[in-house]
Colleague: 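Right, I'll just put the structure down here and ask away after.
The basis for the numbers below is simple: all heavy atoms, side chains too, and nothing from hydrogens, waters or symmetry mates.
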Amino acid sequence: MTTGPAPTPLLVACALGIERLALRSGGRLGAAGGPVTVVRTGMGPQAAERAVTRMLTTPAFNEAAVLATGFCAGLAPGTHPGDLVVAEETRHPGGVTPCVGTELLVKELARTVPGRTVHTGPLTGSDHVVRGHERADLYATGALAVDMESAATLHSAVRTGARPVAAVRVVVDAPEHELVRIGTVRGGISAFRVLRAVLPAFFEWHRSLLLPRR
C-alpha cells in the first residue's frame, strides 16, 4: 500500500507561558488535518529567533507553516483589550515579512469569536514593552499593533525556507487601557479568553494550505 506525503505541519509560536496555556486549553491540537505544535519561544525577538530557527531546522519542521500569536499592544486610539489583530505584514529592523491568508483568517476569526473587533494592517516589532509616547510614534508609521516576537518569528521562518507565515495577536493593552501586568486587570482576562477561542481559525487557515491548488 502506497501512502502519500506527510501533511505539512503547523508551528504556532507564542512567547509566554500564559499564552501557551490559553492555546492548549482552547482546543484539540491536531484538528487541522495535519500535525500542530505550539512552541513557547520566550520573551523578546532574540529568544523568538533562536527558538523558531531551532525548530525549523529539524527535519520534522523544515517545511512547516508558521503562525505567530499571543498578546500585543494596540496602537490605534479606540483599540480595546480583547480586539484581534491580523497582520498583513510584520515589520522588523531588517525589513518587512508579508503574511499569507490574511482575508481567510479574518473570516474565520469573525466566525470563531463573533462580536470581537478584528483589525488588519501592519504589525511592528519591538525589543521592549512600548509605553506612552512610543505608542503614538509607532502608530504614526502606519502600524496598528506592536509586540516583541511576531516580526522576529516570521522573519526567521522565511529565512530558513519558503513557507506560509501569518500572525494573529490579541490586544491586551491599548492607548486608553495600559496594563501594568498581564492578568491582573480585566483587560488581561478578556484577552486570555479570546486567545483560548482562536485555535479553530488557525486550523482552518492551515487546512486551506493543504488543499490542492487549481
Side-chain angles (χ1 to χ4, degrees), residues 11-23 38-57 61 64 66-77 79 81 83-100 102 119-161 163 165-185 187-188 191-192 194-195 198:
L11 183 66
V12 178
C14 62
L16 304 175
I18 192 173
E19 294 168 338
R20 184 170 61 179
L21 175 63
L23 293 164
V38 175
V39 59
R40 177 187 175 188
T41 65
M43 286 184 64
Q46 292 182 337
E49 179 182 2
R50 286 193 300 266
V52 171
T53 300
R54 184 170 60 248
M55 291 289 292
L56 296 179
T57 51
F61 290 96
V66 175
L67 193 151
T69 194
F71 302 130
C72 71
L75 300 175
T79 305
D83 287 0
L84 287 143
V85 176
V86 180
E88 293 177 337
E89 64 184 30
T90 57
R91 298 175 176 178
H92 52 89
V96 171
T97 304
C99 296
V100 174
T102 297
H119 308 271
T120 60
L123 176 62
T124 195
S126 174
D127 61 1
H128 60 278
V129 175
V130 172
R131 300 289 188 196
H133 70 87
E134 281 189 283
R135 196 190 298 263
D137 291 345
L138 289 174
Y139 180 56
T141 70
L144 293 184
V146 58
D147 74 87
M148 291 192 287
E149 296 84 26
S150 291
T153 292
L154 300 199
H155 178 59
S156 300
V158 299
R159 189 179 57 191
T160 58
R163 68 185 75 251
V165 295
V168 176
R169 289 276 170 170
V170 182
V171 174
V172 74
D173 73 337
E176 297 89 359
H177 306 275
E178 284 198 342
L179 293 184
V180 176
R181 195 164 59 247
I182 292 173
T184 61
V185 299
F192 180 87
V194 174
L195 190 58
V198 297

Colleague: OG1/T141 to CG/L75 distance, rounded to the nearest 0.5 angstrom?
Modeller: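 Answer rounded to 0.5 Å: 7.5 Å.
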Colleague: Would you check if the side chain of R169 reaches a backbone N or O of T69 as a donor-acceptor pair within less than 3.5 Å?
Modeller: yes
Colleague: Using side-chain contact (heavy atoms from CB on, under 4.5 Å) as the criterion, list what pairs up with R40, not counting sequence neighbours.
Modeller: R20
Colleague: By salt bridge (Lys or Arg N to Asp or Glu O under 4.0 Å), which residues pair with R159, not counting sequence neighbours?
Modeller: E49
Colleague: Partners of H119 by ring-ring contact (aromatic ring centres under 6.0 Å, His included), sequence neighbours excluded?
Modeller: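 Not a single residue meets the ring-ring contact (aromatic ring centres under 6.0 Å, His included) criterion with H119.
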Colleague: Quick check against the 3.5 Å criterion: does T57 have a side-chain atom that pairs as donor or acceptor with the backbone of R54?
Modeller: yes
Colleague: Could you pull out all residues at least two apart from T102 that satisfy side chain to side chain donor-acceptor pair (under 3.5 Å)?
Modeller: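 Expected list: none.
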Colleague: So, for H92 and A151, which heavy atoms are closest and what is the spacing to 0.1 Å?
Modeller: CB-CB, 3.9 Å
Colleague: Hey, could you give me the CD1/CG distance between I18 and L195, rounded to the nearest 0.5 Å?
Modeller: 9.0 Å
Colleague: Using every non-hydrogen atom in the two residues, find where V170 and L84 come nearest and quote the distance to one decimal.
Modeller: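 Taking V170 first and L84 second, the nearest heavy atoms are CG2-CD2, 3.7 Å.
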Colleague: What are the two closest heavy atoms between C99 and A87, and how far apart are they?
Modeller: CB-O, 3.3 Å
Colleague: For residues 83-99, which residue pairs qualify under salt bridge (Lys or Arg N to Asp or Glu O under 4.0 Å), counting only residues two or more places apart or in two chains?
Modeller: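 Pairs touching residues 83-99 that pass the test: E89-R91.
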Colleague: Nearest heavy-atom pair of F192 and F71: which atoms, and what distance?
Modeller: N-CE2, 3.9 Å
Colleague: Return the set of residues passing side-chain contact (heavy atoms from CB on, under 4.5 Å) with H128 (not counting sequence neighbours), or none when no residue passes.
Modeller: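 Testing H128 for side-chain contact (heavy atoms from CB on, under 4.5 Å), a comparison that skips the adjacent residues, returns S126, E134.
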Colleague: Compare all side-chain heavy atoms of F61 with those of V66 and state whether any distance is below 4.5 angstrom.
Modeller: no
Colleague: Quick check for you: to the nearest 0.5 Å, what is the distance between S156 atom OG and M55 atom CE?
Modeller: 13.0 Å
Colleague: Compare every heavy atom of A157 with every heavy atom of R163, then report the nearest pair and how far apart it is.
Modeller: NE-O, 2.7 Å
Colleague: With sequence neighbours left out, what residues match A145 under side-chain contact (heavy atoms from CB on, under 4.5 Å)?
Modeller: C72, V85, L123
Colleague: Distance from L154 atom CG to T97 atom OG1, nearest 0.5 Å?
Modeller: 6.0 Å
Colleague: A15: which residues meet the side-chain contact (heavy atoms from CB on, under 4.5 Å) condition with it, sequence neighbours left out?
Modeller: E19, T41, E149
Colleague: In Å and rounded to the nearest 0.5 Å, what is the CG to OG1 distance from L144 to T120?
Modeller: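 Here the interatomic distance stands at 7.0 Å.
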